[in-house]
Amino acid sequence: MCDTTCVGTETDLLKIKQKMVDDTSANELAELFKALSDPTRVKLIGALLINELCVHDLSVLLGMGQSAISHQLRYLRNLRIVKRRKSGKTVFYSLDDLHIEQIFVLTLQHLKHE
């Protein structure tokens with residue numbers, strides 16, 4: 001068994017520890033993936049990847065009530081995954097930046113990769 005016979009390697013663990021993700025970044029990254037763990041939020045992000053949309057359009061696309069969509073969008077906005085733009089009385093949502101698009105697309109590509 002490794003735990004009784006392994007004495008480690010000659011790897012400089014201090015150098016690795018200094019380069020590891022800090023606690024704050026680890027928590028923020030975990031929150032991002034937590035946001036992606038909900039199928040409704042994934043569908044919202046997928047739709048916004050294609051086009052900027054209002055709550056009404058998103059509710060029609062997902063077949064959900066506007067209040068449920070608004071709740072999910074608020075959650076995503078708080079994590080800086082989506083942003084909003086107001087035009088008159090209509091609020092349009094889009095992905096916050098290119099990084100979100102890249103994370104989403106790369107994750108989908110990974111899932112489809114064999």
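Side chains included, hydrogens not; waters and symmetry mates left out as well; all remaining heavy atoms used.
- Here the closest heavy-atom approach between residue Ser87 and residue Phe92 is recorded as CB-CE1, 3.9 Å.
- Distance alone, capped at 3.5 Å, places no donor-acceptor pair between the Ser70 side chain and the Ser67 backbone.
- For the pairing with Leu48, the side chain to side chain contact (heavy atoms under 4.5 Å, CB included) check across Leu73, Leu76, Asp96, Ile81 returns one residue only, Leu73.
- For the atom pair CZ (Arg84) and CZ (Arg74), the distance works out to 9.5 Å, reported to the nearest 0.5 Å.
- Between Ser25 and Asp22, the side chains place a donor N or O and an acceptor N or O closer than 3.5 Å (distance only, hydrogens not considered).
- The one candidate from Arg41, Arg77, Lys43 that meets the side chain to side chain donor-acceptor pair (under 3.5 Å) condition with Gln72 is Arg41.
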Donor-acceptor contacts under 3.5 Å from residues 53-61 side chains, at least two apart:
residue	atom	partner	partner atom	Å
Ser59	OG	Val55	O	3.4
Ser59	OG	His56	O	2.7

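- Residues Tyr75 and Phe33 are members of one and the same hydrophobic cluster, defined by side-chain heavy-atom contacts under 4.5 angstrom among Ile, Leu, Val, Met, Phe, Trp and Tyr.
- Rounded to the nearest 0.5 angstrom, Lys34 NZ and Glu31 CD are separated by 4.5 Å.
- Asp12 is linked by a side-chain hydrogen bond (donor to acceptor under 3.5 Å, both in side chains) to nothing, counting only residues two or more places apart in sequence or in another chain.
- Residues Leu29 and Ile16 do not share a hydrophobic cluster, clusters being chains of Ile/Leu/Val/Met/Phe/Trp/Tyr side chains in contact below 4.5 Å.
- Distance check: Leu14 CG to Lys19 NZ gives 11.0 Å after rounding to the nearest 0.5 Å.
- Pairing each heavy atom of Lys86 with each of Val91, the nearest pair is CG-CG2, 4.1 Å.
- Here the closest non-hydrogen pair linking Leu36 and Val42 is O-CG2, 3.2 Å.
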(message) Let's go through Leu95 and Leu49 carefully: what are the C-alpha distance in whole Å and the side-chain angles of both, what is the deciding distance for side-chain contact (heavy atoms from CB on, under 4.5 Å) to 0.1 Å, and is it a yes or a no?
(response) CA-CA 7 Å; Leu95 298 183; Leu49 178 68; 3.9 Å; yes

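- Both Leu13 and Met20 belong to a common hydrophobic cluster when Ile, Leu, Val, Met, Phe, Trp and Tyr are linked at side-chain heavy-atom distances under 4.5 angstrom.
- Residues passing the salt bridge (Lys or Arg N to Asp or Glu O under 4.0 Å) test with Arg85, sequence neighbours excluded: Glu52.
- Atom CG of residue Asp23 and atom CD of residue Glu28 lie 11.0 Å apart, to the nearest 0.5 angstrom.
- For the atom pair CD1 of Ile50 and OG of Ser94, the computed distance is 14.0 Å after rounding to the nearest 0.5 Å.
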